[in-house]
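Everything below concerns the one structure shown next.
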Amino acid sequence: MQRSGRPSLERKLAFLRDPLSYADRTVRIETIETHFAWVFLTARHAYKLKKALRQAVMDYRARAARRTGCREELRLNRRLAPSVYLAVVPLSTDRSGALKLGPGARVEDWLVKMRRLPAEKMLDWVLTRGTITTTRLEPLLRRLAGFYRRARRHPMDGASYVHRLRRQITANRRTLRRFGARLQQGLVESVADAQLECAARLRTALALRGARVVEGHGDLRPEHVCLGPPLCVIDCVEFDRDLRLLDPYEEMAFLALEIERLGHRDLAKGLVRRARVLDSEDVPDAVVHFYMSHRAATRARLAAWHLDDPQFPDPRPWIARTHSYLRDALRYARRARRLASPAELQIRGWPAFEQGRKRRAAHDSRHGLRKERSDRQDRELRVP
């Protein structure tokens, strides 16, 4: 006889922490709690249960929404980790009301089942225990270069792309202002002001990047990179497509930011240099540092979210992390501002566009096409 009541969250968590709940004969379950989920590690697998919460554009309060989120997580992460993301698994009750992993009389929740990766192969683990060279990252950089070439493209005209960046800067500031005296509001304002100034100075160089926007990973950090085997990148942002739509160099700048924060500045520089070679694109240093600043401010906002989460009663670590990212954001914005000189941008940004414009004009002339095509593209780059 089936019970009518739904199992409580505490009961589900207790079941998933019990080694006897799993078919792979594990003897110990390790539980990791994040802001958005719980992850249960067996000897061979990882099972991820999403929290029933709402945060900004993410709303997983309904069981059907969590199922959709699990399916999206599986689909999107198989792009860079096909052998890791195995299935979406129901957490069910049988007719007696007992919980079980897999199909049953009634589905109570959904989990993503993954292959467990060796901790010692994760990039953050490697970086905190020694030094590595850019050569060690070569397979990863080649994998990412191929991923971005194959990724679905979402090009934006120059004005729209710069406006989007400015809107994101303003949104970060607005969110961080909400925490009032818990955060250093003078630092929040300094970061946003410096970034908006950079966006204005770099508007032509940034406008050129709008055409490169793809649906990427969205959260390219060292703790999500496994150097292999298997070589893979896990845990992309599944709940907000807008966070995945970006210039590939913004993702590379994010990875460089996090590598530098782990104490490997030379490796971060080498990574960006090697990415330029693989992509045959000489993106200005000022743009890379602007992207690093922008991602640092976004990480500060995400860290600050924990201040309102009752699961994390001690706010001090999250205040410290928020301020650390904000200081990085300000430092990189100042670097970008120093590099945003006409000479720097002329060397690395404008000539490539100008040469392309001349080639298009010559092509149009040879084929008797109207010149307005080039003029229209020029106008798109005149960002107000």
Side-chain angles (χ1 to χ4, degrees), residues 32-39 48 50-61 69 124 164-199 216-224 235-246 250-251 253-262 289-336:
I32 299 172
E33 182 177 2
T34 71
H35 190 52
F36 300 128
W38 293 273
V39 181
K48 183 176 181 180
K50 297 184 183 298
K51 291 183 178 179
L53 54 75
R54 179 182 180 184
Q55 185 76 64
V57 298
M58 183 191 75
D59 189 351
Y60 282 153
R61 291 173 295 178
D124 63 325
R164 179 178 185 251
L165 290 170
R166 292 176 61 87
R167 189 174 67 247
Q168 291 169 342
I169 293 167
T170 302
N172 283 341
R173 173 161 60 183
R174 183 168 56 249
T175 298
L176 291 166
R177 278 175 172 173
R178 186 168 57 83
F179 295 97
R182 287 181 286 178
L183 299 178
Q184 296 176 18
Q185 291 300 322
L187 181 58
V188 171
E189 297 301 318
S190 294
V191 168
D193 289 345
Q195 289 178 339
L196 290 171
E197 182 182 351
C198 283
H217 181 274
D219 198 14
L220 187 59
R221 291 183 279 153
E223 55 263 48
H224 295 159
D235 211 15
C236 85
V237 175
E238 93 283 348
F239 57 82
D240 187 353
R241 179 172 170 269
D242 190 60
L243 293 177
R244 298 192 304 272
L245 296 183
L246 34 66
E250 184 174 353
E251 287 221 300
F254 184 25
L255 182 58
L257 160 71
E258 296 293 341
I259 288 175
E260 187 168 327
R261 281 177 59 86
L262 290 172
H289 284 106
F290 170 78
Y291 280 154
M292 292 174 79
S293 175
H294 185 40
R295 297 304 296 193
T298 300
R299 290 298 298 166
R301 184 192 73 195
L302 295 176
W305 278 356
H306 291 78
L307 299 179
D308 288 339
D309 190 337
Q311 298 287 338
F312 303 95
D314 184 0
R316 290 172 297 180
W318 299 107
I319 291 173
R321 183 177 295 192
T322 301
H323 287 155
S324 175
Y325 273 114
L326 286 173
R327 286 190 291 270
D328 282 342
L330 185 58
R331 184 170 67 254
Y332 293 125
R334 287 171 173 170
R335 285 187 198 171

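We count residues from 1, following the sequence as given.
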[atom1]/[X] to [atom2]/[Y] distance, rounded to the nearest 0.5 angstrom?
X      : Y      : atom1 : atom2 : value
Glu197 : Ile169 : CD    : CD1   : 11.5 Å
Leu183 : Thr175 : CG    : OG1   : 11.0 Å
Thr170 : Arg177 : OG1   : CZ    : 9.0 Å
Arg334 : Ser190 : CZ    : OG    : 6.5 Å
Arg331 : His289 : CZ    : NE2   : 9.5 Å
Leu330 : Arg335 : CG    : CZ    : 11.5 Å

Does the side chain of [X] reach to within under 4.5 Å of the side chain of [Y], using non-hydrogen atoms?
X      : Y      : answer
Asp242 : Val57  : no
Gln184 : Leu326 : no
Leu243 : Asp219 : no
Asp328 : Glu260 : no
Gln311 : Lys51  : yes
Thr298 : Gln168 : no
Leu220 : Glu258 : no
Ile319 : Phe179 : no

- Cationic tip of Arg295 within the cone over Tyr332's six-membered ring, i.e. under 6.0 Å and within 45° of the normal? no
Write down the atom of [X], the atom of [Y], and the distance for their closest heavy-atom approach.
X      : Y      : result
Cys198 : Phe290 : CB-CD1, 3.7 Å
Thr322 : Ala303 : OG1-CB, 3.4 Å
Val191 : Ala329 : CG1-CB, 3.8 Å
Arg261 : Tyr325 : NE-CE2, 3.4 Å
His217 : Arg244 : O-CG, 3.8 Å
Gly180 : Gln185 : O-NE2, 2.9 Å

- Task: Could you go through the side chain to side chain contact (heavy atoms under 4.5 Å, CB included) check for Leu165 and Gln195 one step at a time?
- Result: CA-CA 10 Å; Leu165 290 170; Gln195 289 178 339; over 6 Å; no
- Message: Applying the side chain to side chain contact (heavy atoms under 4.5 Å, CB included) criterion to Lys48, which one of Ile32, Asp235, Thr34 satisfies it?
- Response: Asp235
- Query: Knowing that exactly one of Arg61, Met58, His35 qualifies, which makes a side chain to side chain contact (heavy atoms under 4.5 Å, CB included) with Leu53?
  - Reply: Met58
- In chain order, what residues pass the ring pair (Phe, Tyr, Trp, His ring centres under 6.0 Å) check against Phe312, with sequence neighbours excluded? His306, Trp318
- Task: Mind checking ring pair (Phe, Tyr, Trp, His ring centres under 6.0 Å) for Phe239 and listing every partner two or more places apart, or none if nothing turns up?
- Result: Phe36
- Set of residues satisfying salt bridge (charged side-chain N to carboxylate O under 4.0 Å, His left out) with respect to Asp308, sequence neighbours excluded: Arg178, Arg182
